[in-house]
Asker: 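This is the structure, below, for whatever I ask next.
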Amino acid sequence: MKIVLLGAPGAGKGTHAQYLSDKYDLPHISTGDIFRANLKEGTPLGQKAKAYMDRGELVPDELTVDLVLDRLTRPDCEKGFILDGFPRNLSQADALTEALWEKGQAIDCALHFTISQDVILARMSGRRVCPSCGASYNVNGMPPKKEGICDRCGSAVIQREDDKPETVLKRLEVYREQTEPIVAYYREMGREIPVDSAASIEEVRRRLDQILEGENGCQSEI
Ligand code: AP5
């Protein structure tokens, strides 16, 4: 299964990508996580990406597209993948479609997490992430078992730099202007499947399983 996750910042892409990756044994490829890992390691890519991420803007395509397309050529992507945070504008979407098309492949489904801005702002203010392994928590409803400590690897969890309210508003503006048009792009390809992500995590998971395990896999009509 080749899956793209669409949705505004804070819509739940990372949370559900982690679930789907574990359940269906597919690599979870998050461009945000890749940039943050590079930043942590002090690579030139991380340094360049930081300025854009801190402002809530998109990292330029020339730093992003080849990175993802190259990642998709690794052996673990042969059985499929979950793309979280890519594509994020129409030129990235075109580049992905073309790269897959050259291999006789296509995206199977674009799961579109829908949610209101008020819920997003509430969730983002409570989000905490693990800087070591990338696990995501929320102080309101999904905290780590031991306060402030990652369940998975034991590191101290932190608030993301770009989760400050003013940066979140900028990210939402960038989403509306540059990323939202991709929803129509995949809808026209017959691949967009909306998922109400204001529901509880358990309910969203149930819905995702229903979609992915439907008679025709994720291309099923729902
Ligand atoms: P990225 O890391 O991709 O951030 P994003 O898309 O803004 O998404 P988020 O990670 O903020 O949210 P999410 O949808 O994953 O929500 P989550 O599951 O954590 O990108 C960061 C930056 O990198 C960008 O701004 C850009 O600069 C750059 N970048 C990345 N990709 C790029 C690209 N392709 N091109 C150019 N630049 C790029 O959930 C949020 C919170 O809500 C969590 O605390 C979670 O626990 C909670 N939650 C989730 N679902 C539920 C639920 N159902 N009920 C209750 N709580 C819930």
Side-chain angles (χ1 to χ4, degrees), residues 4-21 28-39 45-46 48-69 71 82-93 95-96 111-116 118-131 134-144 150-151 157-165 167-180 182 195-208:
V4 160
L5 302 186
L6 301 175
K13 304 180 297 296
T15 302
H16 297 296
Q18 212 169 292
Y19 168 72
L20 294 175
S21 168
H28 169 198
I29 302 169
S30 156
T31 35
D33 285 351
I34 293 172
F35 291 138
R36 282 185 287 276
N38 274 274
L39 180 58
L45 172 65
K48 284 183 200 156
K50 180 181 182 344
Y52 297 94
M53 293 171 83
D54 285 352
R55 291 196 297 265
E57 295 170 4
L58 295 188
V59 177
D61 287 352
E62 52 269 31
L63 297 177
T64 308
V65 174
D66 288 347
L67 177 89
V68 175
L69 298 186
R71 175 68 185 83
I82 301 166
L83 277 176
D84 163 11
F86 184 97
R88 230 172 170 108
N89 58 29
L90 286 170
S91 71
Q92 292 184 6
L96 176 63
L111 300 171
H112 173 207
F113 293 100
T114 61
I115 193 165
S116 73
D118 288 349
V119 181
I120 287 175
L121 293 175
R123 283 186 187 168
M124 302 281 259
S125 67
R127 173 164 59 184
R128 300 292 180 271
V129 294
C130 175
S136 178
Y137 303 93
N138 203 292
V139 292
N140 311 312
M142 214 181 86
C150 178
D151 294 346
V157 299
I158 56 160
Q159 183 160 35
R160 258 169 56 174
E161 262 311 298
D162 60 350
D163 275 354
K164 289 182 206 141
T167 314
V168 170
L169 290 174
K170 176 66 184 171
R171 287 162 65 199
L172 288 169
E173 183 189 319
V174 169
Y175 175 77
R176 278 191 293 272
E177 287 172 3
Q178 301 189 48
T179 310
E180 219 162 44
I182 303 178
V195 179
D196 174 12
S197 60
S200 68
I201 289 180
E202 294 68 30
E203 177 56 26
V204 176
R205 285 180 179 173
R206 196 192 60 76
R207 177 93 171 106
L208 292 172

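Both counts, for ligands and for their atoms, begin at 1 and track the order of listing. Heavy atoms only: backbone and side chains are in, while hydrogens, waters and symmetry mates are out. This chain uses plain numbering: 1 for the first residue, then up along the sequence. Owing to the predicted nature of the structure, the values given are computational and were not obtained by experimental measurement.
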Asker: May I ask whether G126 has any heavy atom positioned less than 4.0 angstrom from an atom of ligand 1?
Answerer: no

Asker: Does any N or O atom in T31 lie less than 3.5 angstrom from one in ligand 1, N or O only?
Answerer: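 Between T31 and ligand 1 (N or O atoms, distance only) the closest approach is under 3.5 Å.
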
Asker: For ligand 1, which atoms sit closer than 4.0 Å to a heavy atom of T64?
Answerer: 33 (C), 34 (N), 35 (N)

Asker: Please could you name the atoms of ligand 1 that A11 approaches to less than 4.0 Å, counting only its heavy atoms?
Answerer: 14 (O), 16 (O)

Asker: Quick one: look at P60 and ligand 1, take heavy-atom pairs under 4.0 Å, and tell me if it's side chain, backbone, both or neither.
Answerer: neither

Asker: Using the side-chain contact (heavy atoms from CB on, under 4.5 Å) definition, which of the options I29, L67, I34, T31 pairs with F86?
Answerer: T31

Asker: Atom 8 (O) of ligand 1: which protein heavy atom is closest, and how many Å away?
Answerer: K13 NZ, 3.3 Å

Asker: Provide, to 0.1 Å, the distance between atom 19 (O) of ligand 1 and the closest protein heavy atom, together with that atom's residue and name.
Answerer: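 The protein heavy atom lying closest is R127 NH1, 2.6 Å.
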
Asker: Is it the side chain (CB and beyond), the backbone, both or neither of A8 that lies under 4.0 Å from ligand 1, heavy atoms counted?
Answerer: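 It is the backbone that gets close, since no side chain atom is under 4.0 Å.
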
Asker: Which heavy atom of Y137 sits nearest to which heavy atom of P143, and what is that distance?
Answerer: CD2-C, 4.0 Å

Asker: So, does T179 use its side chain to make a donor-acceptor pair with the main chain of N89 at under 3.5 Å?
Answerer: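 No, because the side chain of T179 does not come within donor-acceptor range (under 3.5 Å) of the backbone of N89.
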
Asker: Looking at atom 44 (O) of ligand 1, what's its closest protein heavy atom, distance included?
Answerer: N138 ND2, 2.7 Å

Asker: Provide the number and element of each atom of ligand 1 under 4.0 Å from a heavy atom of S197.
Answerer: 53 (N)

Asker: What protein heavy atom sits nearest atom 26 (C) of ligand 1, and how far off is it?
Answerer: E57 O, 3.4 Å

Asker: Tell me the protein heavy atom at minimum distance from atom 16 (O) of ligand 1, and give that distance in Å.
Answerer: G12 N, 3.2 Å

Asker: Is it true that a side-chain atom of T167 and a backbone atom of D163 form a donor plus acceptor pair closer than 3.5 Å?
Answerer: no

Asker: Only heavy atoms of D162, strictly under 4.0 Å: list the atoms of ligand 1 that pass.
Answerer: 21 (C)

Asker: Using a strict 4.0 Å cut-off to heavy atoms of P9, name the atoms of ligand 1 that fall inside it.
Answerer: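 Going through ligand 1 atom by atom, the ones under 4.0 Å from P9 are 5 (P), 7 (O), 8 (O), 12 (O).
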
Asker: Where is the nearest protein heavy atom to atom 35 (N) of ligand 1: which residue, which atom, and how far?
Answerer: Q92 NE2, 3.0 Å

Asker: For residues G32 and M53, report the shortest heavy-atom separation together with the two atoms involved.
Answerer: O-CE, 4.1 Å

Asker: I need the atoms of ligand 1 closer than 4.0 Å to a non-hydrogen atom of G14, numbered in the order shown.
Answerer: 13 (P), 15 (O), 18 (O)

Asker: R128 and side-chain contact (heavy atoms from CB on, under 4.5 Å): which partner among M142, Q159, R160?
Answerer: Q159

Asker: Between P87 and ligand 1, which residue portion shows a heavy-atom distance shorter than 4.0 Å: side chain, backbone, both, or neither?
Answerer: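 For P87, no heavy atom sits under 4.0 Å from ligand 1.
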
Asker: Which atoms from ligand 1 have a heavy atom of R36 less than 4.0 Å away?
Answerer: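 Numbered from 1, ligand 1 contributes 2 (O), 21 (C).
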
Asker: Would you check if the side chain of S136 reaches a backbone N or O of V129 as a donor-acceptor pair within less than 3.5 Å?
Answerer: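 No; judged by distance alone, with no hydrogens or angles, the pair does not exist.
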
Asker: To check you understand the geometry: which heavy-atom pair defines the closest contact between L5 and F113, and what is its length?
Answerer: CD2-CE1, 3.9 Å

Asker: Which ligand 1 atoms are under 4.0 Å away from a heavy-atom of L58?
Answerer: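 Contacts of ligand 1 toward L58, numbered from 1: 36 (C), 37 (N).
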
Asker: Taking atom 39 (O) of ligand 1 as the point of reference, which of T15, L6, L39, V174 owns the nearest heavy atom?
Answerer: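 Nearest heavy atom to atom 39 (O) of ligand 1 lies in T15.
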
Asker: Please find the pair of heavy atoms, one from A122 and one from N140, that lie closest to each other, and give the distance.
Answerer: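 What the structure gives for the nearest pair is O-ND2, 4.1 Å.
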
Asker: Which residue supplies the protein heavy atom nearest to atom 22 (C) of ligand 1, what is that atom called, and how far is it?
Answerer: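 The closest one turns out to be M53 CE, 3.8 Å.
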
Asker: Could you please spell out the steps behind the side chain to side chain contact (heavy atoms under 4.5 Å, CB included) verdict for H28 and D33?
Answerer: CA-CA 10 Å; H28 169 198; D33 285 351; 4.3 Å; yes

Asker: Any side-chain to backbone donor/acceptor pair from N138 onto R123? Under 3.5 Å, distance only.
Answerer: yes

Asker: Between A49 and ligand 1, which residue portion shows a heavy-atom distance shorter than 4.0 Å: side chain, backbone, both, or neither?
Answerer: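 Neither part.
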
Asker: Less than 6.0 angstrom from the centroid, inside 45 degrees of the normal: does R55 satisfy that with respect to the ring of Y52?
Answerer: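 Pair R55/Y52 counts as cation-pi.
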
Asker: Counting heavy atoms only, which part of S136 comes closer than 4.0 Å to ligand 1: side chain, backbone, both or neither?
Answerer: side chain

Asker: Identify the protein heavy atom lying closest to atom 4 (O) of ligand 1, giving its residue, its atom name and the separation to 0.1 Å.
Answerer: R160 NH2, 3.3 Å

Asker: Any idea which of E202, R123, Q18, M142 brings a heavy atom closest to atom 57 (C) of ligand 1?
Answerer: R123

Asker: Does the K13 side chain pair with the main chain of G7, one donor and one acceptor, at a distance under 3.5 Å?
Answerer: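 Side chain of K13 to backbone of G7, a donor-acceptor pair under 3.5 Å: yes, one is there.
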
Asker: Under 3.5 Å between any N/O of V59 and any N/O of ligand 1: does that happen in this structure?
Answerer: yes

Asker: Are R205 and E202 close enough, and set up right, to give a salt bridge (charged side-chain N to carboxylate O under 4.0 Å, His left out), and what steps lead you there?
Answerer: CA-CA 5 Å; R205 285 180 179 173; E202 294 68 30; 5.5 Å; no

Asker: With a 3.5 Å cut-off and no angle check, do the side chains of S116 and D118 form a donor-acceptor pair?
Answerer: no

Asker: Go through K170 and E173 one step at a time and tell me if the salt bridge (charged side-chain N to carboxylate O under 4.0 Å, His left out) criterion holds.
Answerer: CA-CA 5 Å; K170 176 66 184 171; E173 183 189 319; 3.7 Å; yes

Asker: If you look at every heavy atom in V4 and P87, which pair is closest and at what distance?
Answerer: CG1-CD, 3.9 Å

Asker: Heavy atoms only, cut-off 4.0 Å: how does F35 contact ligand 1, side chain, backbone, both, or neither?
Answerer: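 It is the side chain that touches ligand 1; the backbone stays farther off.
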
Asker: Do any nitrogen or oxygen atoms of A199 come within less than 3.5 Å of a nitrogen or oxygen of ligand 1?
Answerer: yes

Asker: Which option out of G85, G10, A17 puts a heavy atom nearest to atom 12 (O) of ligand 1?
Answerer: G10

Asker: Tell me which one of R171, R88, R128 gets a heavy atom nearest to atom 32 (C) of ligand 1.
Answerer: R88

